[in-house]
Visitor: 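Got a structure for you, written out below as structure tokens; questions coming shortly.
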Amino acid sequence: KASENSFFHFLENAGVIDIDTSKHILQQANVLGVSPIELALQNKDLEENNVVEILAKRLIIPRIKLDQSIIAEPKALEFVSQYTAILNNCIPLQIIKDSSKVDKLILVVFNPFSDIIKNIEKDSKVKVISKISTRTEILEAIKRNYNKKTGDKKDSTVMSNLFSALSFSE
């Protein structure tokens, strides 16, 4: 995906990862049919806290710590399904209504180059305001917030299986 290529190109320019390692990850992910970001984290080629701090500083995107005290607004969660949130490492937190005609959605992402931002803006007619956090914090926030929202046992089981498949960072 172009967004993942942009992510890795940015990290190369920032000196977080060398070009050869980046190319190898992108090629290997393509062969395996997996996300290169997930692969790089799994292989410990990237350290997510370091990546987030560099992205936040260089792109001037606010870094947010998604601890237990951060609760997403139920209306915000309606903009992104739990499945989409997991696959895109993002969580919508809040809708901001002001005097402008367009509502704003606070969306926390791990990859600020992700197409999810443009897709939400196009499909939902909201302006996305990005914040950045680690993949681990985002996945934990998704677990906390969406499970409260749905309460659907079947949906929770499916999502639990997906979380298990992605839980290589512990």
Side-chain angles (χ1 to χ4, degrees), residues 1-30 32 34-73 76-77 79-80 84-96 98 100 102-145 163 166-170:
K1 283 197 305 194
S3 66
E4 290 172 330
N5 288 338
S6 296
F7 182 84
F8 277 90
H9 185 69
F10 174 87
L11 295 178
E12 290 167 14
N13 289 336
V16 174
I17 193 167
D18 64 75
I19 293 171
D20 291 336
T21 302
S22 180
K23 284 181 182 175
H24 176 73
I25 292 166
L26 290 167
Q27 289 169 346
Q28 188 179 17
N30 189 41
L32 296 172
V34 298
S35 161
I37 295 171
E38 298 295 333
L39 185 63
L41 291 169
Q42 183 177 11
N43 291 344
K44 308 279 191 238
D45 292 312
L46 295 177
E47 198 287 306
E48 63 182 303
N49 285 307
N50 184 38
V51 168
V52 165
E53 295 306 324
I54 290 168
L55 286 165
K57 183 177 179 181
R58 292 203 176 192
L59 297 176
I60 312 170
I61 299 173
R63 161 61 158 118
I64 185 169
K65 296 265 188 194
L66 292 172
D67 60 27
Q68 298 285 339
S69 68
I70 305 294
I71 306 296
E73 291 178 354
L77 294 174
F79 281 86
V80 180
T84 300
I86 293 167
L87 290 181
N88 289 278
N89 293 315
C90 69
I91 185 165
L93 289 184
Q94 181 182 15
I95 301 288
I96 299 171
D98 58 22
S100 70
V102 179
D103 292 341
K104 293 165 185 69
L105 174 69
I106 304 294
L107 182 72
V108 183
V109 297
F110 177 65
N111 176 4
F113 302 102
S114 175
D115 293 335
I116 191 73
I117 297 165
K118 286 182 242 157
N119 292 343
I120 291 171
E121 288 182 335
K122 183 182 74 160
D123 296 342
S124 303
K125 308 291 189 257
V126 295
K127 170 74 176 132
V128 172
I129 299 172
S130 298
K131 299 194 184 277
I132 193 164
S133 191
T134 67
R135 175 193 166 279
T136 301
E137 288 175 19
I138 291 169
L139 290 175
E140 288 300 319
I142 291 169
K143 276 186 199 177
R144 282 193 312 273
N145 287 279
F163 277 120
L166 294 173
S167 294
F168 50 72
S169 60
E170 271 77 66

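These numbers come from a predicted model, not from an experiment.
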Visitor: To the nearest 0.5 angstrom, please state how far the CG atom of L105 sits from the NZ atom of K127.
Guide: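 Between L105 CG and K127 NZ, I get 11.0 Å after rounding to 0.5 Å.
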
Visitor: Using a 3.5 Å distance criterion without hydrogens, assess whether the side chain of R144 forms a donor-acceptor pair with backbone atoms of D67.
Guide: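 Yes: the side chain of R144 pairs with the backbone of D67.
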
Visitor: Taking atom CD of E121 and atom CG of D123, what is their separation to the nearest 0.5 Å?
Guide: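 Going from CD on E121 over to CG on D123, the span is 10.5 Å.
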
Visitor: Please state whether the rings of F113 and F7 are parallel, tilted or perpendicular, taking 30° and 60° as the class boundaries.
Guide: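 F113 and F7: perpendicular rings.
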
Visitor: Between I138 and V108, is there a side-chain heavy-atom distance shorter than 4.5 Å?
Guide: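 Side chain of V108 against side chain of I138, heavy atoms only: contact under 4.5 Å found.
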
Visitor: Compare every heavy atom of I25 with every heavy atom of L39, then report the nearest pair and how far apart it is.
Guide: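 For L39 and I25, the tightest heavy-atom pair comes out as CD2-O, 3.8 Å.
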
Visitor: Heavy-atom distance under 4.5 Å between the side chains of N145 and I71, does that happen here?
Guide: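 Yes, close enough: below the 4.5 Å cut-off.
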
Visitor: Show, in sequence, the C-alpha distance, side-chain angles and deciding distance for I61 and L55, and conclude whether the side-chain contact (heavy atoms from CB on, under 4.5 Å) test is met.
Guide: CA-CA 7 Å; I61 299 173; L55 286 165; 6.0 Å; no

Visitor: With no hydrogens and no angle check, is any side-chain donor or acceptor of K44 less than 3.5 Å from a backbone partner on L41?
Guide: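 Side chain of K44 to backbone of L41: no pair is present.
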
Visitor: Check the surroundings of atom CG in L32: do more than 12 heavy atoms from other residues, nucleotides or ligands lie under 6.0 Å from it?
Guide: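 Yes.
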
Visitor: Less than 4.5 Å apart, any side-chain heavy atom of D45 and any of H24?
Guide: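 No, their side chains stay 4.5 Å or more apart.
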
Visitor: Quick one: are V52 and N49 in side-chain contact, heavy atoms under 4.5 Å?
Guide: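 Not in contact.
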
Visitor: Enter the distance from L26:CG to T21:OG1 here, rounded to the nearest 0.5 Å.
Guide: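 Output value for this atom pair is 11.0 Å.
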
Visitor: Under 4.0 Å between a Lys/Arg side-chain N and an Asp/Glu carboxylate O for K143 and E140?
Guide: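 Result for this pair is yes, salt bridge flagged.
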
Visitor: Provide the closest heavy-atom pair for S130 versus P62 in the form atom of the first, atom of the second, distance.
Guide: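 That closest heavy-atom pairing would be O-CD, 3.9 Å.
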
Visitor: Work out which heavy atom in E48 is nearest to a heavy atom in T136; give both atom names and the distance.
Guide: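 Between these two residues, the closest heavy atoms are OE2-OG1, 2.5 Å.
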
Visitor: Can you name the nearest heavy-atom pair linking F110 to R135, along with the distance?
Guide: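 Residues F110 and R135, closest heavy atoms: CD1-N, 3.5 Å.
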
Visitor: Which salt bridge (Lys or Arg N to Asp or Glu O under 4.0 Å) pairs, counting each pair once, include a residue from residues 12-23, with sequence neighbours left out?
Guide: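 Not a single pair qualifies under salt bridge (Lys or Arg N to Asp or Glu O under 4.0 Å).
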
Visitor: Look up atom CG in L11 and atom CZ in F8, then write down how far apart they are to the nearest 0.5 Å.
Guide: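 With rounding to 0.5 Å, CG (L11) is 7.0 Å from CZ (F8).
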
Visitor: Check whether any side-chain heavy atom of N89 sits under 4.5 Å from a side-chain heavy atom of N111, and report yes or no.
Guide: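 Side chain of N89 against side chain of N111, heavy atoms only: no contact under 4.5 Å found.
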
Visitor: Whether the side chain of S124 engages the backbone of V126 through a donor-acceptor N/O pair (distance < 3.5 Å, no angle test) should be reported.
Guide: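 Judged by distance alone, no pair lies under 3.5 Å.
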
Visitor: Check this for me: L59, atom CG, are more than 12 non-hydrogen atoms of other residues, nucleotides or ligands nearer than 6.0 Å?
Guide: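 More than 12 heavy atoms, drawn from other residues, nucleotides or ligands, come within 6.0 Å of this atom.
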
Visitor: Taking all atoms of both residues into account, what is the closest heavy-atom pair of A29 and S35, and its distance?
Guide: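 Closest heavy-atom pair between A29 and S35: CB-C, 4.1 Å.
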
Visitor: Of all heavy-atom pairs between P92 and L77, which one has the smallest distance, and what is that distance?
Guide: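 Scanning both residues completely, I find the closest heavy atoms to be O-CD2, 3.7 Å.
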
Visitor: Tell me if a side-chain donor or acceptor on E73 pairs with a main-chain N or O of I95 at a distance below 3.5 Å.
Guide: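 Yes: the side chain of E73 pairs with the backbone of I95.
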
Visitor: Taking atom CG of D103 and atom CD of Q94, what is their separation to the nearest 0.5 Å?
Guide: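 These two atoms lie 11.5 Å from each other.
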
Visitor: Quick check against the 3.5 Å criterion: does S133 have a side-chain atom that pairs as donor or acceptor with the backbone of I64?
Guide: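 Yes, because the side chain of S133 sits within donor-acceptor range (under 3.5 Å) of the backbone of I64.
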
Visitor: Please say which of L87, N88, I86 ends up in a side chain to side chain contact (heavy atoms under 4.5 Å, CB included) with T84.
Guide: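 Of L87, N88, I86, side chain to side chain contact (heavy atoms under 4.5 Å, CB included) with T84 is met by N88 alone.
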
Visitor: Do I106 and I96 come within less than 4.5 Å of each other through their side chains, counting heavy atoms only?
Guide: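 Answer yes - side chains close enough.
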
Visitor: Between E137 and L66 (side chain of the first, backbone of the second, donor and acceptor by atom type, cut-off under 3.5 Å), is there such a pair?
Guide: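 Yes; at least one donor-acceptor contact below 3.5 Å.
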
